[in-house]
2 protein chains.
Amino acid sequence: MPRTPGTPEGKRPTLADVAARAGVSVALVSIVMRGAKGAGAATRERVLEAAREIGYRPDARARLLRSNRSRLLGVQFGLQQPFHTDLVEGLYAAAEPVGYQIALSAVAPSRGERHAVEALLGDRCEALILLGPQAPAARLAELAAQLPVVSVARRLRPAVPGVDVIRTDDDEGARRAVDHLVALGHRDIVHIDGGRAPGAADRRRGYRTAMNRHGLADRARVLPGGLTEEDGAAAARTLLGDDPRPTAVVAFNDRCATGVLDAFLRARVPVPDEISVVGFDDSHLARLAHIDLTTVGQDIRRLADLAVGRAVARLEGEPTPDGESSGKETVIAPHLVTRSTTAPPRNTP
Amino acid sequence: MPRTPGTPEGKRPTLADVAARAGVSVALVSIVMRGAKGAGAATRERVLEAAREIGYRPDARARLLRSNRSRLLGVQFGLQQPFHTDLVEGLYAAAEPVGYQIALSAVAPSRGERHAVEALLGDRCEALILLGPQAPAARLAELAAQLPVVSVARRLRPAVPGVDVIRTDDDEGARRAVDHLVALGHRDIVHIDGGRAPGAADRRRGYRTAMNRHGLADRARVLPGGLTEEDGAAAARTLLGDDPRPTAVVAFNDRCATGVLDAFLRARVPVPDEISVVGFDDSHLARLAHIDLTTVGQDIRRLADLAVGRAVARLEGEPTPDGESSGKETVIAPHLVTRSTTAPPRNTP
DNA sequence: GGACGTCACTAGAACGTTCTAGAGCCCGAG
DNA sequence: CTCGGGCTCTAGAACGTTCTAGTGACGTCC
């Protein structure tokens, strides 16, 4: 087995090993490895060479232990949620340029939020970025007392002190979906909601507001849904039984919309000819050529950038302007992505 | 802001703080916190009480730094791959009872495997569990020289010294799919493959073997596919153009199969009446009521258990039996999950 | 020619744990 | 009574880093 020669078997090389080999002090090696100033060019090269030779790799933990900064952002996300995984990718990208690392902790059926957060805290993360957290406000407040907490995609009403919120304007998103459909000529527009999921209440409200605004209050109808394909399909089956069927559906999210699409397809109800469908999230799913779903896009890249930005701002000074730290909410405007699942209703008056 | 009183603002409590409060030595607190023996019942209670009062939480990093064990298993996975996320959940579950933690590092378009692994190594993981790694064998060998490496779902031919492999018998899986279809009466069975994806070659081979075995060698046909819905849909569209259409399709995985299903649905080709479809993985997707896909199930729970088991075995002794450590391969048998996308062909002779 | 800067480098103390020795105590066996 | 052995507990040294406070050596400025 290829093992670097000169290194005691099984023990990974440390600063001291590099220092010995390069004939300098440990402190100087530390300086070189960090790229800090205070080392001559020639020595620097010599140290780097020595490090390369024995395969030195800095020990992140020891490093963090000493410098009381871990430069670690803890991210809690749902393993099965496409929107979350997209977001995680954005977070990685956003954290690197500002010199932070991401520590991931997944929430899954067998692993609750509590567990996930405990792991992150044990890892000495400096701040927490929680994607769509379900924890009660009190718990979030408790966490915020210990370290900066950013909630992404979960609105907090009333605001929780110390918890920043980054979210898409769900309300506005649902309104845009309705506006789009109305502009196409639809009047019987139904909403399949997301139940108690984060953002669901806002989207419901946005839908109602828009319907009212267009004088369609009496036609507004909200069907209980959820965030999986299954929920969407179930709701769609309900719609299939209706006699004057609605001509358009605004679904809670893309997964839900996909379920709707599928149910219609199976029932031989052509989309968008007989019924239009709008999703929410603009996830990978929606973009697949064969689905090509009209949807409300959340600016994932921006959400991620802002989440990291807020956390970092809290960490690096930002001298808690008023009072203590009130918990700032940043709302991003969504945008409608028009694809092929929406069209004017068949019998436009 | 609620802050634990008695603690210096902004600094998290340490063993020393607990010790001071409980009036004992630091070492004793350490003993109590670890649940090690060597502390009296009364003192133990008193220490725990003190810890609770000031909100003490052990510092994982310092802990690991000292005891040269990190008890950390580094897991590399693809953010967008349902099969991987399912597996990750299983890994969490498998690691906990044996006293190990999981450190996650995601691979995404913007974040290559190299990057992901570097992060894990920096975190001082004791072993690496790589889900469907694409890295060249040489790279894996290099890693294996430093620490135990387990490759899940990627076969290594020839075996890489020091790298254990845990995988499903892809070959057998594809054979079972074909057997099932043949038993139903199908003869024109096409395979939509996974290109260069891990496992694809084996599934292709299994398909061919089974076709031969049933005397259908001349009807065997492999269409280039891939691992996304899009790939499946594209291949399905090709099939739609055929005049004597095949009566059954074995897709590389569930996502691919879903794409196939969708394309057929849109073309008004009823499944399974006119054509049967089999997937691979038995992912969440396949189980959705409205998809209800016949598929080849991989025993995810078992794969996860074994992966953790192999890593731990390497770590805890297992005195490298023969020679050095040859790299052990464990192959799990897949099972066919019959759902509603397969049926006898319409015109059974 | 002394005071002062700057530059390259170093010694040694942190950081928050765990671990190794060993100290003090009480109890029962001889 | 003494000895050994078990308990409970403690002091202090690790672990691999970074940071603070230097030490010399060499210029530069009046």
Side-chain angles (χ1 to χ4, degrees), chain A residues 7-8 10-48 50-51 54-72 99 101 121-126, chain B residues 7-8 10-48 50-51 54-72 99 101 121-126:
Chain A
T7 314
K11 228 176 140 306
R12 79 189 237 170
T14 76
L15 277 189
D17 299 325
V18 179
R21 181 169 254 262
V24 296
S25 74
V26 171
L28 188 59
V29 180
S30 169
I31 288 172
V32 172
M33 295 323 284
R34 271 176 291 148
K37 60 173 181 173
T43 328
R44 192 175 288 270
E45 197 40 61
R46 193 153 42 90
V47 168
L48 286 175
I54 64 176
Y56 169 76
R57 176 188 311 282
D59 182 332
R61 313 197 111 84
R63 179 180 288 211
L64 304 185
L65 173 59
R66 168 59 227 208
S67 54
N68 245 338
R69 303 286 316 267
S70 74
R71 303 195 78 83
L72 214 51
Q101 285 207 317
L121 291 178
D123 268 358
R124 284 208 136 208
C125 292
E126 293 187 29
Chain B
T7 314
K11 231 177 138 308
R12 79 190 238 172
T14 76
L15 277 189
D17 299 325
V18 179
R21 180 170 255 264
V24 296
S25 75
V26 172
L28 188 59
V29 180
S30 169
I31 287 172
V32 172
M33 294 323 283
R34 270 176 293 148
K37 61 176 181 171
T43 329
R44 193 175 287 270
E45 199 40 63
R46 192 152 44 89
V47 168
L48 287 174
I54 65 177
Y56 169 77
R57 175 188 310 281
D59 182 332
R61 311 197 113 84
R63 182 182 290 216
L64 304 185
L65 173 59
R66 168 59 227 210
S67 55
N68 246 338
R69 303 286 317 268
S70 73
R71 303 195 78 82
L72 214 52
Q101 284 207 318
L121 291 178
D123 269 357
R124 283 208 138 210
C125 293
E126 293 187 29

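A note on names: the letters A, B, ... follow the listed sequences, proteins ahead of strands, and every chain is numbered from 1.
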Is B/Ser67 reaching over with its side chain to a backbone N or O of B/Arg63, donor-acceptor style, under 3.5 angstrom? yes

With a 4.5 Å cut-off on side-chain heavy atoms, are B/Val32 and B/Val29 touching? no

Nearest 0.5 Å, please: how far is CZ in A/Arg71 from CD in A/Glu126? 7.0 Å

Heavy-atom donor-acceptor pair, A/Arg57 side chain to A/Pro13 backbone, under 3.5 Å: no

Can you check side-chain contact (heavy atoms from CB on, under 4.5 Å) on B/Asp59 and A/Arg124, steps first, answer last? CA-CA 7 Å; B/Asp59 182 332; A/Arg124 284 208 136 208; 2.4 Å; yes

Which parts of nucleotides 6-19 of chain D does protein reach within less than 4.0 Å, heavy atoms only, written one letter per nucleotide 5' to 3' as B for base, S for sugar-phosphate only and - for none? --SBBB-BBBBBBB

